[in-house]
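First comes the structure, then the notes that go with it.
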Amino acid sequence: MEKVFWDCPDFSLSQTLECGQCFRYEKKEDDCYTVISGQKVITLGQVGDSIVFYGDNDIPFWKGFFDGERDYNEIKQRLKENDPIMAEAISFAPGIRILKQEFFEMLMSFIISQNNHIPRIRGLIQRLSQEYGMPLEGGFYSFPTPQQLSDVTEEAYRSLGCGFRGRYLEDAVKNVLSGNFEVEKLEMLPTEELRQRLMSICGVGQKVADCILLFSFGRYEVFPTDVWINRVYSHAYFEGKKLLAKELQVSAAEKFGNNAGFAQQYLFYYGRERKIGKG
DNA sequence: AGCCAGGCAATTC
DNA sequence: GAATTGCATGGC
């Protein structure tokens, strides 16, 4: 098997995949991972700072997927200034990079994520792909396209185990197929307008919309606010006092500015792994 | 064996 | 408008 090497600074494959932004990866032997995005699949590993791609399937795509061009060192230095908790969160997982993932896949995945555990989210996405996606090499399946899901009913989603989210998933597919969610056009919209557009889909609230804005549209100024972020944020900056989501986001915007999204992911992973503020 | 989950819409006050 | 409630399911 052909190997392609890639030196990418400030990058940990495991931290980036396992920090909660991505649901479609599988850990193999020797710290190797198989990652699936849309119709593409790759197996890769890491030796020190060096990433090893096994196979040469569209390497430029995967370098973009891993946000390879961005200077994360500069972002981290800026976030750490006068912020010991952030410094600790960053040193806990200094190799997180924000992935660039497909819009439709993020839309469906984060609808599924609501009121759900991460292991179960992954299972549901896997079954959805296996049922309606396309077989790829290695026994994996592509995430289904909107067209492949065009006739899937709420009941079918429920029988996969999606529960009450079935109605939302069906609505999301209808919306995308209607033509009001073409990525090339969405990319042009200012963040707030794009957020409102996403939230017009039943089942997409601000949290889900913000995850899509951050993980798919590269709107790094957003700060997705969920229960974990609320715990770690109030613990880190407000002596444990819980904030309303609105207040928290105003505070995060002041504190982190255009790097809020990166800050969110460092804090989220740190808080969740260390169970900060829980119990 | 329950408890609860990267929330949300619907309902109620 | 802010606060409360029901939701489906299964991993832990």
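What you see is a predicted model, and the numbers here were worked out from it, not measured in a lab. Letters go in sequence order (proteins before strands), and every chain restarts at 1.
Closest to the side chain of A:Phe164, out of C:dC7, C:dG10, B:dC8, is C:dC7. Between C:dC12, B:dA9, B:dA5, one nucleotide has an atom nearer to the side chain of A:Tyr168 than all others, and that is B:dA9. Looking at the side chain of A:Lys207, the nearest of the listed nucleotides C:dT9, B:dG7, B:dA10 is B:dG7. Of all nucleotides listed (C:dG10, B:dA5, B:dG6), B:dA5 comes nearest to the side chain of A:Arg231.
The residue among A:Ile201 and A:Thr225 whose nearest nucleotide of DNA chain B lies closer to the 5′ end is A:Thr225. DNA chain B is contacted by both A:Gly205 and A:Arg120; A:Arg120 maps to the nucleotide lying nearer its 5′ end (nearest heavy atom per residue).
For the pairing with A:Tyr72, the ring pair (Phe, Tyr, Trp, His ring centres under 6.0 Å) check across A:Phe262, A:Tyr220, A:Phe66 returns one residue only, A:Phe262.
Note on A:Gln206: only backbone sugar-phosphate atoms sit closer than 4.0 angstrom, heavy atoms only; bases stay farther off. Using a 4.0 Å heavy-atom cutoff across all strands shown, A:Gly20 reaches at least one base atom of the nucleic acid.
The separation between A:Phe23 atom CZ and B:dA5 atom C1' is 12 Å, rounded to whole Å. The distance from atom CD1 of A:Ile112 to atom P of C:dA8 is 15 Å, rounded to the nearest whole Å. Distance A:Arg127 CZ to C:dG10 P: 6 Å, rounded to the nearest Å. Straight-line distance from the NE2 atom of A:His117 to the P atom of B:dC4: 10 Å, rounded to whole Å. Rounding to whole angstrom units, CG of residue A:Asp210 and P of B:dG7 are separated by 13 Å. Distance CE (A:Met199) to P (B:dA9): 7 Å, rounded to an integer number of Å. Residue A:Arg158 contributes atom CZ, which lies 13 Å from atom P of C:dG10 at whole-angstrom precision. The distance from atom CD1 of A:Ile111 to atom P of B:dG6 is 17 Å, rounded to the nearest whole Å.
The separation of B:dA1 from C:dA8, taken at their P atoms, amounts to 26 Å, rounded to a whole angstrom. When the P atom is used for both C:dT5 and B:dG6, the distance is 23 Å, rounded to whole Å. Taking the P atoms as reference points, C:dG10 lies 22 Å from B:dC8, given to the whole Å.
Summarising the local packing, CD of A:Glu69 is surrounded by 12 or fewer heavy atoms from other residues, nucleotides or ligands at distances under 6.0 Å.
A:Arg165 contributes a side-chain N or O that, together with a main-chain N or O of A:Gln114, makes up a donor-acceptor pair within less than 3.5 Å.
Remark: A:Asp171 does not engage A:Lys174 in a salt bridge, criterion side-chain N to carboxylate O under 4.0 Å.
The hydrophobic cluster around A:Met188 extends to none of the other residues, as no ILVMFWY side-chain heavy atom falls under 4.5 Å of it.
Taking 4.0 angstrom as the limit, A:Arg272 places none of its side-chain polar atoms (N or O) nearer than this to OP1 or OP2 of B:dG6.
The ring-ring contact (aromatic ring centres under 6.0 Å, His included) contacts involving residues 107-141 of chain A comprise A:Phe23-A:Phe110, A:Phe110-A:Phe215, where partners must be two or more places apart or lie in separate chains.
Ring to ring, A:Tyr270 and A:Tyr266 are not that close: their centroids are 6.0 angstrom or more apart.
Residue A:Phe268 and nucleotide B:dG6 are classified as a stacked aromatic pair, their ring centres being separated by less than 5.5 Å at an interplanar angle below 30°.
For the pair A:Lys28 and A:Tyr33, the cation-pi criterion (under 6.0 Å, within 45° of the ring axis) is not fulfilled.
Non-hydrogen atoms lying under 4.0 Å from DNA chain B are contributed by A:Gln264, A:Gln265, all within residues 260-267 of chain A.
Side-chain atoms of A:Arg165 and base atoms of C:dA8 include a donor and an acceptor less than 3.5 Å apart.
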